[in-house]
Amino acid sequence: MTVINEKTKISERKKDVVITVRNLKTYYTILGGLFQRKIGYVKAVDDVSFDLYRGETLGLVGESGCGKTTIGNTILNLVPATSGEIYFEDDRIDNNFTQDFRKKIQMVFQDPDSSLNPRWKIVNIIGEPLRILEGMKKRREIRKRVLELLETVSMKVEHLDRYPHEFSGGQKQRIVIARALACNPEVIILDEPTSALDVSVQAQILNLLKDLQIQFNLALLFITHDLSVIQHIGNRIEVMYLGKFVEEGTIDDVFYHPTHPYTKALLSARPTFDPTTRSNRIILEGEVPSAINPPSGCYFHPRCPEMEDRIGCNIEEPKKISISETHHIWCQPFKNGKKF
Amino acid sequence: MEHESLTQEPEKKTKSKESDNVIKNIFSWIINNIKFLLIPASRLDDLTFREREYEMKISKRKFIRRLKSTLTILGISIIFFIVTLAVFAPWFSQYSFEHLAGIHTGMWDPPSPEHPLGQTNLGRDILGRMIYGSRASLTIALPAIFFSLVFGVIFGVIAGFYGGWPESIIMRIMDIFLAFPGLILAMVFIYIWEQRIEYIMLAYGIIGIPYYSRLIRGSVIQARELPYVQAAKVAGASNWRIMFKHILPNCIQPVIISFTFDIGGIILSLAGLSFLGFSDPQLIEWGNDIAEARGHLYDAPWGAMWPGIMILITVLGFMLFGDGLRDALDPRLRNL
């Protein structure tokens, strides 16, 4: 009976979930000493769970070095997961990543300049996943499909036989997006796709991504440190600090009712048009602790401005506190029983 | 029996049909390729006139057009000249191989109507030996260098890409080879085996491997961390494909340059070997002649000069060709 119950539970939960991540941990080993022994771990991603729904954009924000990119790389199996589970629909993929899943999950990299092989023509670059994953053999077929893909990212037939160095940054990023779209994926992981571009081109690329998302019903995992970008394109957002989530919720939840002290500080630090709001800035003290030897309890407590109001910040692991159905934070309860 | 024959017949028919199909496929493939080479835009059906024009300008033939710079053509024609000399040596030379390897009168005689470029210490015709010498130099230098190039590149790419223990094993073996001076190692190899042209070739091929593998390993280590390698992984490419289709074309430049330089080096070190008596004495070879004429630079300069000029021209030809090839392979250099 319990088995059946669980099964129904999973099918209910995963009705429109594409990717499920449960208790994911990715540690990088540090080698050192005389014989290159393991002397420690960098806890790049530490116990992270989330769901990615079909057709939504999930933003993953945080400062540099907090493990955002590692989550993306782990989902794509570019980096092995230390423990935890990753599911694509109902299939576990973290230990068994076959070519079928490569078709379904694709990635757009941060630097369009170096993510295109300088020696290859655009046809071959975009045609590579077609050749390997779809098994297309005929050159004419591949050219036709590549042309279709280029047209979806509003480029033209004469770009087929050019080399990457002949394009501008925005065009290169379009090519990278076209390559990601080649096998009709269901999920695209975008690893800071706009950070290498100027603002006007950023807007073009973001609008292109929005259109493509509607056209192909894509789920986007948008990794970025630019809060205004995610406010423009995202549906939900996960805020990360040192390998752990600190707050998750919809865009409205997080941007208009930030609850976790770190999110508050992060949001106050972004540039605004109104100079009078500058007085509300929360300035965090100290540096980000090292992920090799993180602090006890909550990783954020040495820098937390609200530590005095809470119970057991430096002793206990933070608890998941739900504020509304979609809005959660990982924090400690208040001393005087005040509610969030 | 009848049943068997009945069941066998259709199989035969299908087989013959399949073989017909294979032949047809091969033919259509060849015809398609010829069409593609001769009619640039033939592969695209749905092009407008302007697009077709553009396609005509930038097509696959670009690579051949890129080789059309003056210096590259000079290099290619020099190589062609040397190869022609080697292949048609009996037609160009008025003396036969036996005559040129024999002993005659006229020690270090100056140029004369019978011997337009003079004679060597044993009265051999220098012009004839120059022409025949291109055979030995090319047949030893090119296979040897291709041997070391192919194996050096394969080992270097594997070591650089995988890292860890495969790298340690491969590179330590290469270090052992590097620990010996090349000439001495070649002498050891030739002493162990035989004084035959094949073994001299093989010895030089083995000596060249560590240089190429070290050269390419460094650039592979740099290239393997680049995002386009990760992108290829995301596109489902196998390790083999990443190594030899993504990384290798981006790392091959220094190898091409050192390849063209090394041809001259091998011709010269062959001279060193023959000077020490570790070469086939019957071999007609430029380096051999230079080594012999070394002591007579003042009284018989023609003895060393003409073979030296031949070596110079050969090396120059390969270097110019290598330069052009490198430029043609690099799409980032425009205006060619």
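Letters A, B, ... mirror the listed sequences (proteins, then strands); counts begin at 1.
Listed options A/Ser114, A/Pro129, A/Ala180 were ranked by heavy-atom pairs under 4.5 angstrom with chain B; first place goes to A/Ser114. Heavy-atom pairs under 4.5 Å with chain B peak, among A/Leu76, A/Val176, A/Leu78, at A/Leu78. Of the listed residues (A/Arg131, A/Arg102, A/Lys156), the greatest number of heavy-atom pairs within a distance under 4.5 Å of chain B belongs to A/Arg102. Per-residue counts of heavy-atom pairs under 4.5 Å with chain B were compared for A/Lys103, A/Met107, A/Gln106; the largest is that of A/Gln106.
Looking at B/Glu167 and B/Arg217, a side-chain N of the basic residue comes within less than 4.0 Å of a carboxylate O on the acidic one, giving a salt bridge. In this structure, B/Arg214 pairs ionically with B/Asp175, as a charged nitrogen and a carboxylate oxygen lie closer than 4.0 Å.
The 12-atom threshold is not exceeded at CZ of B/Phe180, counting heavy atoms of other residues, nucleotides or ligands nearer than 6.0 Å. The environment of A/Tyr41 atom OH is sparse: at most 12 non-hydrogen atoms of other residues, nucleotides or ligands sit within 6.0 angstrom.
For chain A, no part of B/Ala223 is nearby; none of its heavy atoms comes within less than 4.5 Å. With a 4.5 angstrom heavy-atom cutoff, A/Leu116 touches chain B only via backbone atoms.
Taking the six-membered ring for Trp and the full ring otherwise, B/Phe318 and B/Phe259 have centroids separated by 6.0 Å or more.
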